[in-house]
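The next block holds one structure in the form of structure tokens; read it before the comments.
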Amino acid sequence: MAGFEGVVVSDPWLQNQFTQVELRSLKSEFLSVRNTGTGGGRGSLTLRDLSAAMSKLKIAGNGLTEDERAAFLTESYPDLDRHVDFELFLRVHLKMQGRIGSKKSSSAFLKAATTTLLHTISESEKASYVSHINSYLGEDPFLKKYLPIDPMTDDLFEIAKDGVLLCKLINVAVPGTIDERVINTKRVLNLWEKNENLMLFLNSAKAIGCTVVNIGTQDLAEGRPHLVLGLISQIIKIQLLADVNLKKTPQLVELVDDSKDVEELMSLSPEKILLRWMNFQLKKGAFRRSVTNFSSDIKDSEAYACLLNVLAPEHSRKPYPSTVKNLLERAKLVLEHADRIGCKRYLTPKDIVEGSPNLNLAFVAHIFQKRNGLSSQMKQITFLDANSDDPQVSREERAFRLWINSLGISYINNVFEDLRTGWVLLEVLDKVAPGIVCWKSANKPPIKMPFKKVENCNQVVKIGKQLKFSLVNIAGHDIVQGNKKLILAFLWQLMRYNILQLLRNLRFHSREKEIKDVDILNWANNKVKNSGRYSRLDSFRDRSISSGIFFLDLLSAIEPRIVNWNLVTKGETDEEKKMNASYIISVARKLGCSVFLLPEDIIEVNQKMMLTLTASIMYWHLKRPITEDRSAVSSDGENGSSSDSSSSSTSYDSSSESSTDDSGGR
């Protein structure tokens, strides 16, 4: 990036997948590998040489044997005599890391017995997820002809290929995420229609918090079992953990003693809250040890037996699990107890004994849904109400959180709590402005000394000023203290900066000209006008936005077949506005835009999110191949070219590319 010293690659998307620290390290690795090449002598390297060179130097693809690397390269690249330059090396690195990623994922729900390189999956997990799908989607009008799915076959992966089941599963997990009018559900879908469904699914999955880095529509169209099952597991996890938070279950304040502890609880991930809840209940039953994971700590079923006896003592039966020595038999009795209170099993006795983390987490989450054993404490709940956010703040926090998570650097659960060390903000800054962070001066978590957090946050503010953010009266300690208003203001400018850079880096629009909000607005108005429609925006605050008509005109202008006008309302009543807003968001995602706003943002005309949505649509349009877009560029003239750079939305689409580009994501 101009103005900052660092490793630069010509492809903006590829540049955006790495921090400068990573790029410098990978550049060094590449030079070392190239100098060991045998395909033409020192300094020359082909794909055929790459596997042996990596093994010799013990770099890239750690955890894979040389044979596994070679098999991966043969599968991924038909021409093994292709010369390897630095950019191709980066793409191979991304794909290889993706292939081994599921084995090392920190998410409990992704620690499956899944080896993506060898394409093996956990049959127990597949059977559990199939049962879940059969239960929740068995009566769906479109899918019922395919359900129930037989867990003993691979029918799940075949049925998932057209995207319909996956889209509907998202709506089971988070109702209303996808406007089902947008899903292509003809009896026979062509390849284009299937791809649209899969694009809609991937962008919607990101919008509910799934990690889809390194997964594209082609992977799903091919029904790759390890990828399909990994995504399904994440969606089911989101569904089962939806109530494990203070907003949905305020009675969770019973787990803590004072307001300081409540703040800490709010910052925990749902998995950690679930563990804390489980130990809280086990303490009531005088259980002798703490449970710290959903695997080894519950293999003997003793914790389960105690938990269920505390929550549902009236359903206890002899013989009691604690009196049975055989672990499988004990686990069987535990599951029978759970059955009597209406819990779905999600796992078998064998899964408990073997300590399957994914399935045990699902089982405990379902117990929590059925019986959490908590009683309200009004004093603490009153404190919680007093500190609750207004709806717009909550929606913006959600959008910024999902955007940060989509970048593939750190996973956060709460913007106001998880950014207070400054470290994640430094990572995001390094992602959007490679090389700008002074990592020698940064303090990596865990950070015990408060002044170390302030040092990190001071650097964050300093960099923000370098990037010309408006940071009047903002200091590092404001971030450390979790000042919501200031944190949201900083994140908005960071997202906006990201999209401006991405748009400016597009190959047709790389002029050294600063892009402004008005350029995006002019681009959108010109597109609509040139399509022969008459809607127009005076600004991103224009109240006419609430009807949804302008964005539908814009989407139709850049892709005429994407909008079904028979489904569009006049946008006059509140209900009509909501229907149009929901339709707009799903159509944009189906097109390929990665956006995190909600229908309410359109109805209430949230200026930031309107800029975000417009810029996301613009970025998608302008990044298309030149053969598709040549006429559009010339017809837009000056406004069209300048608008190519703009807003927070592009930051969204940087993550979108990671799920759609063949090279995958970080």
Side-chain angles (χ1 to χ4, degrees), residues 109 129 132-133 136-137 140-143 160 162-185 196-213 215 217 220 228 230-245 247-248 270 391 394-406 413 548 551-552 555 562 564 567 575 577-604 606 609 612-613 616-617 649 652-653 655-656 659-660:
F109 234 71
Y129 303 152
H132 181 95
I133 289 168
Y136 284 94
L137 290 173
D140 181 87
F142 180 82
L143 293 173
D162 66 7
V164 177
L165 181 145
L166 296 173
C167 285
K168 288 179 177 285
L169 191 60
I170 280 186
N171 274 356
V172 169
V174 185
T177 299
I178 294 176
D179 187 329
E180 296 200 5
R181 297 175 297 170
V182 176
I183 305 172
N184 298 321
T185 55
E196 285 182 332
N197 282 347
L198 294 172
M199 183 64 71
L200 172 61
F201 163 72
L202 284 174
N203 284 320
S204 299
K206 279 188 286 186
I208 65 170
C210 291
T211 301
V212 302
V213 174
I215 301 174
T217 56
L220 302 180
V228 173
L231 285 168
I232 289 174
S233 72
Q234 291 187 70
I235 295 167
I236 294 174
K237 170 189 174 182
I238 288 168
Q239 177 186 344
L240 293 176
L241 296 179
D243 293 335
V244 188
N245 58 72
K247 185 175 181 180
K248 292 289 186 68
S394 295
R395 291 200 302 270
E396 290 189 5
E397 186 277 336
R398 171 189 173 277
F400 296 143
R401 169 168 40 86
L402 291 170
W403 168 64
I404 290 172
N405 289 341
S406 74
N413 295 291
F551 282 113
L552 290 164
L555 289 164
I562 202 70
N564 182 348
L567 301 176
E575 183 60 29
K577 289 178 180 180
K578 186 172 183 180
M579 290 178 68
N580 282 353
S582 175
Y583 187 67
I584 288 165
I585 293 170
S586 288
V587 167
R589 288 173 180 157
K590 181 179 181 178
L591 194 64
C593 303
S594 182
V595 292
F596 303 116
L597 74 167
L598 293 171
E600 290 80 1
D601 292 312
I602 297 176
I603 297 168
E604 297 173 13
N606 181 322
M609 295 300 114
T612 290
L613 177 59
S616 184
I617 295 169
S649 203
Y652 290 165
D653 276 68
S655 59
S656 172
S659 70
T660 58

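All residue numbers in this chain count up from 1 along the given sequence. Remember, predicted model here, so these are calculated numbers, not experimental data.
Expressed to the nearest 0.5 Å, how far OG of S586 lies from CG of L591 amounts to 12.5 Å. Here the straight-line distance linking atom CD1 of I617 with atom CG of L613 works out to 4.0 Å at 0.5 Å rounding. Here L552 contributes atom CG and I562 contributes atom CD1; the two are 11.5 Å apart, rounded to the nearest 0.5 Å. The structure places CG of L200 at 11.5 Å from SG of C593, a figure rounded to the nearest 0.5 Å. L241 contributes atom CG, which lies 11.5 Å from atom CD1 of I236 (distance to the nearest 0.5 angstrom). The distance from the OG atom of S204 to the CG atom of L166 is 11.0 Å, given to the nearest 0.5 Å.
When all heavy atoms are compared, the tightest approach of F596 to W403 is CE1-CA, 3.6 Å. Taking all atoms of both residues into account, the shortest heavy-atom contact from V174 to I238 is CG2-CG2, 3.9 Å. The two residues I183 and C167 come nearest to each other via the heavy atoms CD1-CB, 3.7 Å. Of all non-hydrogen atoms in I215 and L202, the two that sit nearest each other are O-CD1, 4.0 Å. Residues A207 and L402 come closest through the heavy atom pair O-CD1, 3.1 Å. Closest non-hydrogen pair, M199 versus G592, comes out as CG-CA, 3.6 Å.
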Give the C-alpha distance, both sets of side-chain angles, the deciding distance and a yes or no for side chain to side chain contact (heavy atoms under 4.5 Å, CB included) between Q239 and Y136. CA-CA 11 Å; Q239 177 186 344; Y136 284 94; 3.3 Å; yes
Evaluation steps, side chain to side chain donor-acceptor pair (under 3.5 Å), between N184 and K590: CA-CA 10 Å; N184 298 321; K590 181 179 181 178; 3.0 Å; yes
Run the side chain to side chain contact (heavy atoms under 4.5 Å, CB included) test on I585 and D179 for me, step by step, so that the C-alpha distance in whole Å, both residues' side-chain angles and the decisive distance to 0.1 Å come before the verdict. CA-CA 8 Å; I585 293 170; D179 187 329; over 6 Å; no
Trace of the side chain to side chain contact (heavy atoms under 4.5 Å, CB included) decision for R401 with N405: CA-CA 6 Å; R401 169 168 40 86; N405 289 341; 3.8 Å; yes
Could you please spell out the steps behind the side chain to side chain contact (heavy atoms under 4.5 Å, CB included) verdict for V212 and L231? CA-CA 8 Å; V212 302; L231 285 168; 3.7 Å; yes
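Distance alone, capped at 3.5 Å, is enough to place a donor-acceptor pair between the R181 side chain and the L567 backbone. Without hydrogens or angle criteria, Y583 side chain to N564 main chain gives a donor-acceptor distance under 3.5 Å. Looking at S582, its side chain never comes within 3.5 Å of a backbone N or O of M579 through a donor-acceptor pair. Using a distance-only test at 3.5 Å, with no hydrogens or angles considered, no donor-acceptor pair links the side chain of D243 to the main chain of L240. At least one donor-acceptor pair closer than 3.5 Å links the side chain of Q234 to the backbone N or O of T211. At distances below 3.5 Å, not a single donor-acceptor pair connects side-chain atoms of R395 with backbone N or O atoms of L597. Without hydrogens or angle criteria, R398 side chain to I208 main chain gives no donor-acceptor distance under 3.5 Å.
K577 NZ: more than 12 foreign heavy atoms inside a 6.0 Å radius.
Just one of V228, D140, N197, L143 meets the side chain to side chain contact (heavy atoms under 4.5 Å, CB included) condition when paired with L165; it is L143. The side chain to side chain contact (heavy atoms under 4.5 Å, CB included) with T177 is formed by just one residue from the set V172, L598, N171; it is N171.
Between the side chains of S406 and K206, not a single donor N or O lies within less than 3.5 Å of an accepting N or O.
Contact annotation: the side chain of Y129 never approaches that of L169 to less than 4.5 Å [non-hydrogen atoms, C-beta and beyond]. With a 4.5 Å cut-off on side-chain heavy atoms, E604 and N606 do not count as touching.
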